[in-house]
Amino acid sequence: MAESTAAPTSDFIRQRIDSDNQTGRFGGRVHTRFPPEPNGFLHIGHAKSVVLNFSIAADYDGMCNLRFDDTNPTKEESRYVESIIEDIRWLGFDWQDRLFFASSYFDQLHDYAVQLIQAGKAYVDSLSEQEIREYRGTAIDRQSPVETVPGKDSPFRNRGVRENLDLFRRMKEGEFAEGEHVLRARIDMAHPNLNMRDPVMYRIIRKPHHRTGDKWCIYPMYDFTHGLCDSIEGITHSLCTLEFENHRPLYDWYLDELAVYHPQQIEFARLNLTYTVLSKRRLLELVQKGLVSGWDDPRMPTIRGMRRRGYTAAAIRDFCQRIGVAKADSRVDIALLEHCVRNDLNKHSPRVMGVLNPLKVVIDNYPEGQVEYLSAINNPEDPAAGTREIPFSREIYIERDDFREDPPRKFFRLAPGREVRLRYAYMVTCTGVVKDQQGQVTELHCRYDPLTRGGNAPDGRRVRGTLHWVSAPHACDAELRLFDRLFSSENPDKAGKGASWLDNLNPDSLQVLRTCKVEPGLRGRPAGYRCQFERIGYFCVDPDSTRQRPVFNRTVALRDTWARISRRR
RNA sequence: UGGGGUGUAGACAAGUGGUAAGUCACCGGUCUUUGGAACCGGCAUUCGUAGGUUCGAAUCCUACCACCCCAGCCA
């Protein structure tokens, strides 16, 4: 997995690990983990964390666990654990036999809770949900200035150990309804950090769990669970995102009160990308409102969506290495992601020819009924990829954009009287233009130079333009789906007054071309097959394909200097 | 008016008292049977702002400013 071209610069996390290794804090051990909640599909933001955790483990000759933090049965499903496992494997990572679940530790966690009760550090509270919120006090306000008010103690805060133990046992045994009681840590209701104002440790949820079934009706809260699971697994460095920084004192409190092994949590900034959204809630909304075709819509920043679109795991890994790790809130330009796929695909994708918007060309002086097979290079970046034979005949299709009746300056393609090269074939000169009643060009007539077979002229004359083409009688019909950024705004979350983030959706993010013509060799390629249509972009066969009519997703367009020149004028 | 964080180019991001790496983007050029790729060159006299310490400050000190996170029985 050492395909990254990014310079192996250090980051603040590795520096802290280095220093821990120097002081021998963890005996030189490095053990990380990727801890998803199985309540949704993985996206590129998760990939950043996956790559970080697994590659740090690899760099330090350590290990990385996969652990599902499944503490809330109302939101979690086993289909999500399956899809997450599949996506991480596809990304190229392996956790050997270290697949764990927080739910496997429920007994241990319950024992820890009992210990805290016995030590007078936890109590059963019987306030209502609403009351607990009110008693917690406030920190700041979000919109209008409101005074900071400290929390106040629950009237149940001083219940005796014996009563707490009994109540907690009865909670566990199902004697109470949801919401009747919770178990809380006994810390400090006036603490400036809200997370320390007697946080809930256990709540009653009468719902079967995807792994433990109906064994439990009380479930531990994430804050109580997470740090202790890391402790149980012997994790040395618990890497997580910035929003959990406020929670670290609480994790530390549990660990210290219980006097158990203490991992070091280190927080880093989550990934933001331009022109897309990266929150489970928003992605879910796109799916539920039918604004995309599903979690694997090729426009989605999900791993499944990107995979269907044709992204390679290597490109995603490379991207994750290049963006670095830091604590500053930032938004990475999606152009960097696109650069990473192009970079990988350029080296590995076979070249083929395909015409998006076909314009028929008749080569008047080419013998009728004749067919020649011409040799084409499969990948100029990789000689080992060899060559293939493609059919050429009197009637071909070229790209409509490659002809201009009245060519602008610097337009090197076909125009009346102009000569261009047909890639790997012949040089042709445009001799006639056929139009319909609306004046729309329907067909071109050309003459070819038989001496230029393969594309070179014996007299040494040169042409500026080389066009891709497909032999008309041999062409394979295809559908091409072109994707553009899902949102037209760099930061879709930032909507104007009275507008919603959905108003920033790009109405033209999907363009379907149904009348494309591609090389006959492309018939019957399996879904997932990747290739480059020369001069157009990188494509990937979609599962919607049929044998006779393949469907291609455009992964990313080629850099297009001409588009830039013509846009500028 | 609390607590926790973060400010280095258009975007990421190194830099840890000795004179601003690298990458993407962008702009020139070379080469080219993909207007692709490759290659060469340009792109921060200055590091949120203002003071201070020092022979020397992005790095140390002080004050200020801006932005992000926190009031789930979510994770």
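Lettering of chains follows the sequences in order, A, B, ..., and the numbering in each one begins at 1.
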Verify the contact: side-chain N or O of A/S10 to OP1 or OP2 of B/G15, cut-off strictly under 4.0 Å; return yes or no.
-> yes

A/S330 has its side chain closest, among B/A13, B/A75, B/C68, to B/A13

Per atom distances to the A/L194 side chain, the nearest of B/G2, B/C73, B/G36 is B/G2

| said: At less than 4.0 Å, is any side-chain N or O atom of A/R136 found next to OP1 or OP2 of B/C73? Yes or no. | reply: yes

pair_partner(B/U49), Watson-Crick or wobble, both distances < 3.5 Å, evaluates to B/A63

Please determine whether any donor N or O and acceptor N or O are separated by less than 3.5 Å between the side chain of A/N72 and the base of B/C74.
no

Looking only at B/U16, B/A13, B/A71, the nucleotide nearest the A/Q15 side chain is B/U16

Under the 3.5 Å rule, do the base of B/G4 and the side chain of A/N193 count as making a donor-acceptor pair?
-> no

Check your understanding: Between B/G72 and A/R203, is there an OP1 or OP2 to side-chain N/O distance shorter than 4.0 Å?
Key -> no

Considering only atom C1', compute the distance from B/G3 to B/A14 and round it to an integer number of Å.
31 Å

| Is the phosphate of B/U32, meaning OP1 or OP2, less than 4.0 Å from a side-chain N or O of A/R464? | no

If pairing means Watson-Crick or G-U wobble with both distances under 3.5 Å, then the partner of B/U54 is none

The nucleotide from B/G35, B/C12, B/U34 with an atom nearest the side chain of A/K410 is B/G35

* Asked: With a 3.5 Å cut-off and just heavy-atom distances, do the side chain of A/E245 and the base of B/G3 make a donor-acceptor pair?
  -> no

* Asked: Checking all strands, does A/S128 fall into the base, sugar-phosphate, or nothing category for heavy-atom contacts under 4.0 angstrom?
  -> base

ask   = So what does A/L467 touch, heavy atoms closer than 4.0 Å: a base, only the sugar-phosphate, or nothing?
value = nothing

With distance as the sole test, does A/K75 use its side chain to make a donor-acceptor pair with the main-chain N or O of A/N39 at under 3.5 Å? no

Are the ring centres of A/F392 and A/Y424 closer than 6.0 Å? no

Taken to the nearest whole Å, CH2/A/W562 to P/B/U32 is 21 Å

Taking a pair to mean Watson-Crick or G-U wobble geometry with both distances below 3.5 Å, B/G2 pairs with B/C70

Query raised in the report: Think A/R197 has a side-chain N or O under 4.0 angstrom from the OP1 or OP2 of B/A71?
Result: no

Whole-Å distance, A/L242 CG to B/C67 P, equals 17 Å

_Sugar-phosphate, base or nothing in reach of A/L345, heavy atoms under 4.0 Å_ = nothing

When A/N456 and A/L336 are each assigned the nearest nucleotide of RNA chain B, the 5'-most assignment goes to A/L336

Of the candidates B/G5, B/C27, B/G2, the side chain of A/R564 sits closest to B/C27

TODO: Look at all strands and tell whether A/E381 reaches a base, only sugar-phosphate, or nothing, counting heavy atoms closer than 4.0 Å.
DONE: base

- Query: Should A/D329 and A/R270 count as an ion pair when the cut-off is N to O under 4.0 Å?
  - Reply: no

Can A/Y123 and A/D198 be counted as having a side-chain donor-acceptor contact under 3.5 angstrom?
yes

Side-chain contact check for A/R559: nearest option of B/A37, B/C73, B/C70 is B/A37

Ranking B/G72, B/U16, B/C24 by distance to the side chain of A/H339, first place goes to B/C24

Give one of base, sugar-phosphate or nothing for A/M221, where a contact means two heavy atoms less than 4.0 Å apart.
-> sugar-phosphate

Counting any heavy atom closer than 4.0 Å, what does A/Q532 reach on the DNA or RNA strands: base, sugar-phosphate only, or nothing? base

Checking all strands, does A/V325 fall into the base, sugar-phosphate, or nothing category for heavy-atom contacts under 4.0 angstrom?
sugar-phosphate

On RNA chain B, more 5' by nearest nucleotide between A/R133 and A/P220 is A/R133

### Message
Under 4.0 Å, counting only non-hydrogen atoms across every strand here, what does A/P36 touch: a base, just sugar-phosphate, or nothing?
### Response
nothing

Assigned chi class of B/G7 under the 90° convention is anti

Against the side chain of A/T561, the closest entry in B/G36, B/C74, B/G72 is B/G36

- [ ] Quick one: label A/N246 by what it contacts on the DNA or RNA (base, sugar-phosphate, nothing), any heavy atom closer than 4.0 Å.
- [x] base

Closest to the side chain of A/R322, out of B/C24, B/G35, B/C12, is B/C24

- Query: Can A/R33 and A/D230 be counted as an ion pair, charged N to O under 4.0 angstrom?
  - Reply: yes

task: Please determine if A/R413 and A/D401 form a salt bridge, counting it only when a charged side-chain N lies under 4.0 Å from a carboxylate O.
output: no

Which of parallel (below 30°), tilted (30 to 60°) and perpendicular (above 60°) describes A/H247 and A/Y251?
-> tilted

A/I323 has its side chain closest, among B/C26, B/C24, B/C12, to B/C12

Would you classify A/T274 as touching base, sugar-phosphate or nothing, given that sugar-phosphate means primed atoms plus P, OP1 and OP2, and contacts are heavy atoms under 4.0 Å?
nothing

Re B/A38: Watson-Crick or G-U wobble partner, both distances kept under 3.5 Å, found to be B/U30

Q.
What's A/Y202 touching, base or sugar-phosphate or nothing? Going by heavy atoms closer than 4.0 Å.
A. nothing

Open item on the list: What contact category does A/V200 fall into here, base, sugar-phosphate, or nothing, at under 4.0 angstrom with non-hydrogen atoms?
Closed with: sugar-phosphate

With ring pair (Phe, Tyr, Trp, His ring centres under 6.0 Å) as the criterion, how do A/F533 and A/F552 come out once you've worked through the C-alpha distance, each side chain's angles and the decisive distance to 0.1 Å? CA-CA 10 Å; A/F533 285 123; A/F552 291 89; 5.1 Å; yes

Say you pick atom C1' in B/A57 and the same atom in B/G72; how far apart are they, in whole Å? 46 Å

task: Report the C-alpha separation of A/F41 and A/Y80 in whole Å, then their side-chain angles, then the decisive distance to 0.1 Å, and conclude whether the ring pair (Phe, Tyr, Trp, His ring centres under 6.0 Å) test is met.
output: CA-CA 7 Å; A/F41 294 93; A/Y80 292 124; 5.4 Å; yes

